[in-house]
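Working notes, beginning with the structure itself.
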Amino acid sequence: MSRLVHIFRAGLLNYQKSLNLQKEISGLVLSQQLPNALILTEHKPVYTIGIRTKQYTIDDETKLKSLGAEFFRTNRGGLITFHGPGQLVAYPIINLKNFQPSIKWYVCHIEQTIINLCAKYRLKAQTTDDTGVWIDDRKICAIGIHASRYVTTHGLALNCNVDLKWFQHIVPCGIEGKSVTSMTNELERNVSIDEITPKFLDSFSSTLECDLIEIDEDECKKITTKI
């Protein structure tokens with residue numbers, strides 16, 4: 001079993017292209033042409049909703065689109081959230097048979113990756129009965145996954161210096177009475193994706209006990225041109 005994870009730095013993508021890329025790479029993992037992969041990206045403004053579509057109607061969708069964002073219904077877990085510039089989005093596409101064939105194990109380790117990352121900044125993050133990773137009652141990272149034949153898709157979105165006003169138009173992840181925060185907001189200084197990414201990769205590698213390897217730029221372009 002291989003715990004080698006290939007890193008795809010996809011840059012800024014619209015959400016549909018990220019879905020296409022996940023489909024392409026998950027196919028490579030399922031066919032064992034790749035052992036595991038990790039897509040790092042940033043999205044143009046988009047609201048996405050998971051398999052539980054509670055409270056969000058076509059009228060709600062139209063209203064959110066009028067703000068200048070896209071809207072997608074997906075097969076991930078969880079309710080509605082926002083993705084946009086200034087948010088590190090990571091899609092681990094890993095074969096859990098190479099790690100631990102357990103969705104619960106996987107989610108716990110993704111959560112711990114972010115908790116460990118926040119600790120590097122002396123921020124005390126934690127999990128609660130609600131999804132994601134929190135600092136007190138402020139969500140700093142949304143998590144929503146899907147798995148098919150033990151190969152994962154979707155993943156996490158860590159707020160770095162994203163404009164938090166986008167979240168004011170929704171009930172993030174369907175959780176009433178709580179707020180959303182960012183690394184920038186908590187540290188009271190600008191914290192960019194470029195600053196966070198290497199620390200995230202270190203935390204991901206150590207928490208999941210895996211080795212990371214950068215995909216060759218030409219190979220990455222070859223795959224992304226298919227989407």
Side-chain angles (χ1 to χ4, degrees), residues 1-13 15 17-43 74-77 83 87-120 125 127 132-133 140-158 160 183 193-227:
M1 293 189 297
S2 174
R3 288 197 173 192
L4 181 64
V5 179
H6 294 252
I7 303 170
F8 286 78
R9 296 180 186 265
L12 182 66
L13 290 179
Y15 194 70
K17 284 194 173 183
S18 79
L19 294 175
N20 296 345
L21 183 58
Q22 288 180 74
K23 182 178 180 181
E24 182 71 25
I25 294 178
S26 64
L28 296 175
V29 173
L30 277 167
S31 63
Q32 299 184 358
Q33 296 179 64
L34 273 180
N36 311 281
L38 175 62
I39 300 170
L40 300 178
T41 187
E42 183 180 10
H43 288 316
T74 76
N75 64 354
R76 63 165 172 79
H83 299 312
Q87 187 184 69
L88 174 62
V89 178
Y91 296 125
I93 301 180
I94 66 174
N95 188 337
L96 292 177
K97 293 179 181 178
N98 293 334
F99 293 81
Q100 182 79 19
S102 164
I103 301 300
K104 182 178 180 180
W105 176 93
Y106 173 64
V107 172
C108 288
H109 279 68
I110 292 298
E111 292 170 338
Q112 194 61 49
T113 294
I114 301 303
I115 291 170
N116 293 345
L117 168 61
C118 288
K120 295 176 186 290
T127 59
V133 176
I140 196 161
C141 181
I143 296 173
I145 69 160
H146 177 75
S148 176
R149 292 157 60 187
Y150 290 106
V151 172
T152 64
T153 50
H154 297 286
L156 64 95
L158 176 64
C160 297
M183 299 295 289
I193 290 176
D194 287 342
E195 176 183 339
I196 287 291
T197 297
K199 293 180 176 63
F200 168 77
L201 291 174
D202 286 344
S203 184
F204 183 90
S205 176
S206 62
T207 305
L208 274 77
E209 298 181 346
C210 61
D211 295 316
L212 303 178
I213 183 172
E214 295 276 354
I215 285 287
D216 177 83
E217 186 175 345
D218 291 337
E219 185 64 24
C220 191
K221 286 181 180 178
K222 187 188 301 183
I223 293 174
T224 54
T225 54
K226 296 179 182 179
I227 66 172

Just how far is it from atom [atom1] of [X] to atom [atom2] of [Y], taken to the nearest 0.5 Å?
X    : Y    : atom1 : atom2 : result
I196 : K120 : CD1   : NZ    : 10.5 Å
E42  : D194 : CD    : CG    : 8.5 Å
N116 : F200 : CG    : CZ    : 11.5 Å

Side-chain donor/acceptor of [X] to backbone N/O of [Y], under 3.5 Å:
X    : Y    : value
S203 : K199 : no
N36  : L4   : yes
S205 : L212 : no
T207 : F204 : no

Review point. Are any non-hydrogen side-chain atoms of T41 and L21 less than 4.5 angstrom apart?
Key: no

Check your understanding: Does the side chain of V89 come within less than 4.5 Å of S18's, by heavy atoms?
Key -> no

Exercise for review: Measure across P101 and Y150 and return the closest heavy-atom pair with its distance rounded to 0.1 Å.
Suggested key: O-CE2, 3.6 Å

Check your understanding: So which heavy atom on E111 is nearest to which on V133, and how close?
Key -> O-CG2, 3.8 Å

Exercise for review: Using distance alone, with no hydrogens and no angle criterion, decide if Q33 and S31 have a side-chain donor and acceptor under 3.5 Å apart.
Suggested key: yes

Check your understanding: Just by distance, with hydrogens left out, do N20 and E24 show a side-chain donor and acceptor under 3.5 Å apart?
Key -> no

Point to revise | L88: which of L156, I193, L117 passes side chain to side chain contact (heavy atoms under 4.5 Å, CB included) | key: I193

Practice item. Look at the rings of F99 and W105 and say which category their plane angle falls in: under 30° parallel, 30 to 60° tilted, over 60° perpendicular. Key: tilted

**Study point:** Parallel, tilted or perpendicular: ring planes of Y15 versus H83, cut at 30 and 60 degrees
**Key:** parallel

